[in-house]
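In what follows, chains carry the letters A, B, and so on, assigned in the order in which the sequence lines appear, proteins first and then strands, with residues in each chain numbered from 1.
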There are 4 protein chains.
Amino acid sequence: MIKVGIVGGTGYTGVELLRLLAQHPEAHVEIITSRSEDGVSVAEMYPNLRGHYDNLRFSVPDVQKLGACDVVFFATPHGVAHSMAAELLLTGVKIIDLSADFRLRDPQEWSKWYNQPHGAPELLAEAVYGLPEVNREAIKLARLIAVPGCYPTATQLGFLPLLEAGIADTAHLIADCKSGVSGAGRGANVPSLFCEATESMKAYGVAGHRHLPEIRQGLQLAAGQPVGLTFVPHLTPMIRGIHSSLYATVADTSIDLQALFEARYADEPFVDVMPAGSHPETRSVRGANVCRIAVHRPQGGDKVVVLSVIDNLVKGASGQAVQNMNILFNLDERAGLAHPAMMP
Amino acid sequence: MIKVGIVGGTGYTGVELLRLLAQHPEAHVEIITSRSEDGVSVAEMYPNLRGHYDNLRFSVPDVQKLGACDVVFFATPHGVAHSMAAELLLTGVKIIDLSADFRLRDPQEWSKWYNQPHGAPELLAEAVYGLPEVNREAIKLARLIAVPGCYPTATQLGFLPLLEAGIADTAHLIADCKSGVSGAGRGANVPSLFCEATESMKAYGVAGHRHLPEIRQGLQLAAGQPVGLTFVPHLTPMIRGIHSSLYATVADTSIDLQALFEARYADEPFVDVMPAGSHPETRSVRGANVCRIAVHRPQGGDKVVVLSVIDNLVKGASGQAVQNMNILFNLDERAGLAHPAMMP
Amino acid sequence: MIKVGIVGGTGYTGVELLRLLAQHPEAHVEIITSRSEDGVSVAEMYPNLRGHYDNLRFSVPDVQKLGACDVVFFATPHGVAHSMAAELLLTGVKIIDLSADFRLRDPQEWSKWYNQPHGAPELLAEAVYGLPEVNREAIKLARLIAVPGCYPTATQLGFLPLLEAGIADTAHLIADCKSGVSGAGRGANVPSLFCEATESMKAYGVAGHRHLPEIRQGLQLAAGQPVGLTFVPHLTPMIRGIHSSLYATVADTSIDLQALFEARYADEPFVDVMPAGSHPETRSVRGANVCRIAVHRPQGGDKVVVLSVIDNLVKGASGQAVQNMNILFNLDERAGLAHPAMMP
Amino acid sequence: MIKVGIVGGTGYTGVELLRLLAQHPEAHVEIITSRSEDGVSVAEMYPNLRGHYDNLRFSVPDVQKLGACDVVFFATPHGVAHSMAAELLLTGVKIIDLSADFRLRDPQEWSKWYNQPHGAPELLAEAVYGLPEVNREAIKLARLIAVPGCYPTATQLGFLPLLEAGIADTAHLIADCKSGVSGAGRGANVPSLFCEATESMKAYGVAGHRHLPEIRQGLQLAAGQPVGLTFVPHLTPMIRGIHSSLYATVADTSIDLQALFEARYADEPFVDVMPAGSHPETRSVRGANVCRIAVHRPQGGDKVVVLSVIDNLVKGASGQAVQNMNILFNLDERAGLAHPAMMP
């Protein structure tokens with residue numbers, strides 16, 4: 001059994017990690033930390049877990065104890081992994097970081113978007129961006145994995161086949177993305193209140209959202225050149241789900257896009273290219289570690305519309321983190337992640 | 001008092017008309033028709049109206065009786081107004097049609113999108129497209145008004161300032177639109193069920209939605225030239241609201257877009273250009289006859305993002321219909337429509 | 001025009017007061033206070049009010065200025081009205097308090113349930129409990145009105161006919177009540193987050209909720225004797241609405257309960273006794289100052305089930321406050337409150 | 001592997017059975033029938049199942065083929081199992097019926113509540129009511145199991161400890177129950193539409209609901225005497241979940257109810273008696289085969305309030321059906337049902 005530690009497990013990605021790991025045949029959660037909830041049992045805070053982790057309590061983070069694990073997940077706000085990663089890596093433990101700390105390769109860029117200096121620039125060279133559909137081989141060898149953000153996962157997986165094939169006009173990419181409210185976390189903020197968020201739709205961060213540089217970085221690597229990306233996130237009245245509607249222009253309208261997408265993801269266990277003409281629903285991936293994609297070219301024109309959906313807490317966070325763990329420890333990549341989505 | 005008849009009042013636009021007219025100081029509903037609900041009282045079907053229309057019952061449509069009104073609203077599926085309008089106009093009554101029957105100027109185009117012959121092509125020449133912000137003067141003189149659709153209202157009002165000013169690349173317009181479920185009407189269809197529509201987001205009609213030709217027609221008139229429009233509607237888990245996220249490219253990035261939009265709508269009672277940097281929420285117009293708009297140019301680039309929100313049942317249907325009635329009968333344009341939106 | 005001041009207008013009852021007063025023909029909001037939002041415009045905080053209160057800004061409370069109004073509404077947490085009422089009453093202004101400060105007649109009881117000493121016991125003798133269906137005459141003469149709570153309004157109106165008629169077993173009354181989330185206010189608390197409150201139902205405060213003594217006090221006055229009441233509130237995933245399901249046992253099963261209820265409320269403008277067999281929905285009163293009630297005796301037995309619904313922010317708070325104002329100033333009791341509920 | 005057939009798999013209990021059986025280590029779905037969807041693949045109808053049942057298609061029911069299975073689940077409207085059960089039992093297959101067909105022991109009672117003659121009264125003597133917490137031993141030996149309804153499961157499990165211990169006044173039991181909308185099934189009915197059901201709460205069937213006789217039958221067996229039960233179901237704006245709020249009067253207020261409930265369910269794998277003072281949330285059982293219960297005696301009085309929650313599609317239907325299968329085939333009772341609930 002792989003011994004798992006979780007740093008900062010009181011948020012939604014933390015409880016989702018616990019839900020997924022409860023079903024994992026080869027991993028066991030040894031430690032979960034929280035400074036604010038020290039001593040509280042996990043099942044008291046998350047009654048859905050009653051009967052599953054009855055002896056597990058939150059504790060103050062302790063590098064010695066975490067270092068005795070095989071792998072430590074960070075489910076923390078940005079900045080925390082910066083401050084602990086270097087010391088922890090010395091113990092030989094592997095780190096899978098769900099926060100944004102090691103996603104951007106350029107520490108200046110990170111610093112600009114997160115309004116603080118990068119706290120561990122010396123680790124950036126070895127940090128692996130944990131998108132298995134792009135970096136599977138590097139993940140196998142990593143010590144430090146940066147799990148992609150939710151918008152970046154759905155958006156990159158949707159654009160990749162077009163960019164890798166070099167058929168889209170990279171200067172004018174548009175990503176209109178809709179997220180459930182859990183993407184905002186479990187913090188007690190007025191805009192996340194039920195009465196503020198339900199029965200309404202709004203865009204936010206149009207001037208610039210922190211996932212923009214992350215998405216752009218991934219798209220540029222795929223395209224092998226700079227890309228012009230307009231990214232507009234929207235807050236949608238649902239708990240879970242990201243729906244990325246992606247727009248690109250293609251010069252050659254004779255390409256079989258359906259075949260292109262199917263070929264790109266033929267061997268991917270967690271990317272489902274739906275039949276031509278499909279409109280994936282976010283609920284079709286609720287609770288499951290799947291990205292479902294459909295590709296359209298309306299009325300045979302030069303505009304491609306890609307629809308890409310994930311559960312932001314699973315393929316967009318905790319599920320992808322477990323997928324990374326499976327790859328890292330040479331387990332079946334589907335271990336603990338094989339259950340279907342819940343519908344309705 | 002203006003004597004009002006309503007044909008087909010059992011759907012959501014029907015009950016919304018009744019709600020708005022109950023507050024109107026100069027209109028009185030004389031007749032409301034429904035073949036299926038003949039004899040049923042309005043208050044029995046819509047308990048929210050108890051105490052307001054206690055003597056009003058649905059009746060079978062009768063041209064004589066409708067003709068004795070001053071104005072007849074059609075809140076019917078497409079095709080019904082085609083079959084009744086010509087005969088009704090002979091009585092001298094004015095017609096305000098909330099359906100799609102007279103929105104497209106080209107009967108062939110209509111026929112192609114609605115899969116049936118146009119039923120009253122001879123009336124198209126005089127039908128006025130009831131978007132007051134464009135056609136106010138024509139509305140004053142009209143006998144037959146085609147109230148715009150919900151997506152078309154939000155989308156046209158958002159794009160108009162750019163197109164009228166001739167500053168957008170008209171070949172690459174994108175409208176990514178999100179609608180509440182009431183846009184699908186009150187028909188008993190599985191996809192509109194609570195358990196199918198809630199907690200999920202999906203695109204639909206990417207290959208071609210009936211509002212596409214209507215929007216394109218309006219944008220082309222504004223631009224004075226053909227436009228290339230990609231329109232993707234999405235079903236959003238909320239009752240009311242349309243959120244149009246509009247994307248255009250501008251060549252000249254020195255134009256003050258905020259000033260342009262404010263000037264365009266300075267005299268419009270029902271278009272609210274929000275302060276620079278705003279993100280309008282659909283709930284801010286819930287129940288009110290308002291379109292709120294914000295215009296952005298992210299990171300000073302050449303992409304303009306316009307955010308435009310309406311309540312699909314009000315400014316996107318019944319409220320706009322009442323606004324047209326007010327203009328047509330030379331009333332205060334705000335009569336019956338002056339109440340604020342309901343939040344939360 | 002009646003000059004209105006509002007103390008503490010940043011919560012949901014505050015914005016709802018503003019929404020209702022915007023439509024009121026004889027009242028004008030002169031002042032709205034908030035220490036935390038001093039200087040902020042109302043329309044900035046509540047975009048649904050843009051175009052309605054464009055010159056109104058929150059200001060720090062000032063007894064002089066408030067005293068220059070005709071009436072001051074308190075839309076504050078408990079304790080605030082205690083501290084300001086006495087001084088304010090000296091100016092001659094009338095006070096309508098939406099908080100719990102003057103609802104209980106017994107200061108010891110208040111102190112026990114609110115965990116602090118009662119701050120103005122000397123005013124209790126003259127404070128009038130503002131339930132118009134019980135205290136209309138006293139309201140007309142009041143200086144200080146305590147607007148009933150939301151659960152207490154729905155529950156008392158449902159039980160009153162039975163208790164006044166003396167036909168229910170007063171020892172075993174049960175009120176199983178369901179409230180929308182707005183009842184918890186606009187404070188940033190984890191349990192009120194969208195992701196915590198949506199798609200779930202729970203009871204709370206079973207051991208004792210602050211509305212219990214208020215309801216019991218009202219029921220005892222109606223019954224003329226002590227009552228045994230079990231009150232269980234539930235949090236329901238909707239913004240607005242209270243649904244009280246009330247259970248009582250009657251000895252005499254020959255009484256025509258429908259007639260009893262209809263007679264009791266025959267002259268009440270804001271209580272709607274629905275036809276026999278009805279099941280009122282909370283959405284049928286959304287946004288409207290109405291209580292709809294249905295009374296059942298299942299299978300002809302000795303159990304009476306009363307279903308009573310209100311909008312907690314309207315008849316359960318701000319609407320009832322305006323109704324009290326109308327009575328107090330001898331206006332049409334329906335002024336500003338005559339609009340129908342919004343459905344869907 | 002146990003060979004499973006499902007009759008009528010197009011509704012919500014059908015897709016939930018498929019979801020649960022996809023995770024079951026010792027069962028395999030061989031056949032799923034639907035007359036209307038003959039030939040359609042399961043994954044096409046339920047995209048959440050893509051990747052899980054890719055070769056499974058709906059087919060017309062065929063007794064021969066179903067008889068070749070080890071067990072057949074009926075996930076059909078009432079009446080269907082009546083017509084097929086006798087013939088099917090002759091093949092030696094076991095039947096687990098999720099419909100109401102064999103829940104009531106008295107065919108006259110069934111006939112009265114379902115408005116049609118009972119179609120297989122000769123099978124009633126051997127049908128076992130599949131509530132494992134009451135009938136586990138009988139289930140092991142059964143040929144024909146009637147899976148309890150959703151309201152009956154939550155309500156019986158909540159009342160049982162009180163009734164078996166003989167401490168409640170059985171003449172005055174009240175069950176105020178709240179159900180998510182999926183309880184109404186996947187039929188295309190107006191009241192189940194998103195715009196009708198969301199943002200509202202209502203009671204229904206107060207005059208008499210079909211689950212009333214089923215609950216009463218179970219309570220009477222537990223109490224060993226007739227019971228007086230008032231049962232009021234409510235439609236709640238959420239997909240899944242039943243919340244039963246149960247009221248009873250006890251004569252002896254010295255009994256330790258917490259201990260009583262804990263002892264009653266100490267060995268039950270799927271009943272969780274929560275700590276004293278708890279308020280179970282329906283989301284804490286979302287997707288899981290668990291009933292969580294809390295027992296209160298407010299203010300030390302003679303009224304007991306029991307709060308009991310289940311997921312209506314799991315412990316209230318398909319999960320309980322699988323639990324019955326596990327017992328029947330002598331498997332680990334938790335097989336396929338061990339995953340935690342999904343929260344948020």
Side-chain angles (χ1 to χ4, degrees), chain A residues 11-12 15-16 18-23 25 41-54 180-182 185-186 198-199 237-240 269-275 278-288 290 292 294 309 311 313-314 334 336 338-344, chain D residues 11-12 15-16 18-23 25 41-54 180-182 185-186 198-199 237-240 269-275 278-288 290 292 294 309 311 313-314 334 336 338-344:
Chain A
Y12 292 139
V15 65
E16 189 69 355
L18 290 172
R19 181 179 75 91
L20 295 171
L21 292 174
Q23 307 176 66
S41 86
V42 159
E44 182 181 336
M45 187 153 190
Y46 292 116
N48 63 315
L49 299 176
R50 285 174 60 85
H52 292 275
Y53 290 99
D54 287 348
V181 184
S182 62
R186 198 163 174 261
T198 199
E199 284 292 310
M238 57 187 184
I239 301 174
R240 291 164 178 251
F270 295 117
V271 181
D272 173 26
V273 178
M274 298 186 74
S278 294
H279 298 95
E281 303 174 79
T282 61
R283 67 184 186 131
S284 78
V285 298
R286 186 190 298 143
V290 183
R292 296 198 206 278
V309 303
D311 181 325
L313 295 180
V314 191
R334 292 174 53 92
H339 56 280
M342 192 170 83
M343 187 171 117
Chain D
Y12 292 141
V15 65
E16 189 68 356
L18 290 172
R19 182 180 74 92
L20 295 171
L21 292 174
Q23 308 177 66
S41 86
V42 159
E44 183 181 337
M45 188 154 189
Y46 292 117
N48 63 316
L49 298 176
R50 285 174 61 86
H52 292 275
Y53 291 99
D54 287 348
V181 184
S182 62
R186 196 160 176 263
T198 199
E199 284 291 312
M238 57 188 184
I239 302 174
R240 291 164 177 251
F270 295 117
V271 180
D272 174 27
V273 178
M274 298 186 73
S278 295
H279 297 95
E281 305 174 79
T282 60
R283 67 185 186 130
S284 77
V285 297
R286 186 190 299 142
V290 183
R292 296 198 205 278
V309 303
D311 181 327
L313 295 180
V314 191
R334 292 173 53 91
H339 56 281
M342 192 169 84
M343 187 172 116

Closest-packed option against chain D by number of heavy-atom pairs under 4.5 Å, given A/His52, A/Arg286, A/Glu16: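 Sorted descending by pairs with chain D, the first entry is A/His52.
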Which of A/Ser284, A/Ala341, A/Pro275, A/Pro344 touches chain D most, by non-hydrogen pairs under 4.5 Å: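 The candidate making the most pairs under 4.5 Å is A/Pro344.
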Test item: D/Arg283 side-chain N/O and A/Asn48 main-chain N/O as donor-acceptor pair under 3.5 Å: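 Absent.
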Using non-hydrogen atoms only, which part of [X] is less than 4.5 Å away from chain A: side chain, backbone, both, or neither?
{"X": "D/Ala22", "answer": "side chain"}
{"X": "D/Glu199", "answer": "side chain"}
{"X": "D/Leu313", "answer": "side chain"}
{"X": "D/Thr198", "answer": "side chain"}

Point-to-point distance, once rounded to the nearest 0.5 Å, from CZ of A/Arg292 to CZ of D/Arg50: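 If I round to the nearest 0.5 Å, the distance is 6.5 Å.
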Nearest atoms (heavy-atom pairs only) where D/Met343 meets A/Pro47: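 Scanning both residues, the minimum pair turns out to be CE-CD, 3.8 Å.
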Closest approach of D/Gln23 to A/His339 (non-hydrogen atoms, all atoms of both residues):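 Taking D/Gln23 first and A/His339 second, the nearest heavy atoms are OE1-CB, 3.6 Å.
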Region of A/Val15 that comes under 4.5 Å of a non-hydrogen atom in chain D: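 Contact with chain D: side chain only.
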Given D/Leu49, D/Leu18, D/Leu20, the one that forms side chain to side chain contact (heavy atoms under 4.5 Å, CB included) with A/Pro340: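 One option only clears the test, and that one is D/Leu49.
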Choice from D/Met274, D/Arg186, D/Glu281 maximising heavy atom contacts with chain A below 4.5 Å: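 If we count pairs closer than 4.5 Å to chain A, D/Met274 comes out on top.
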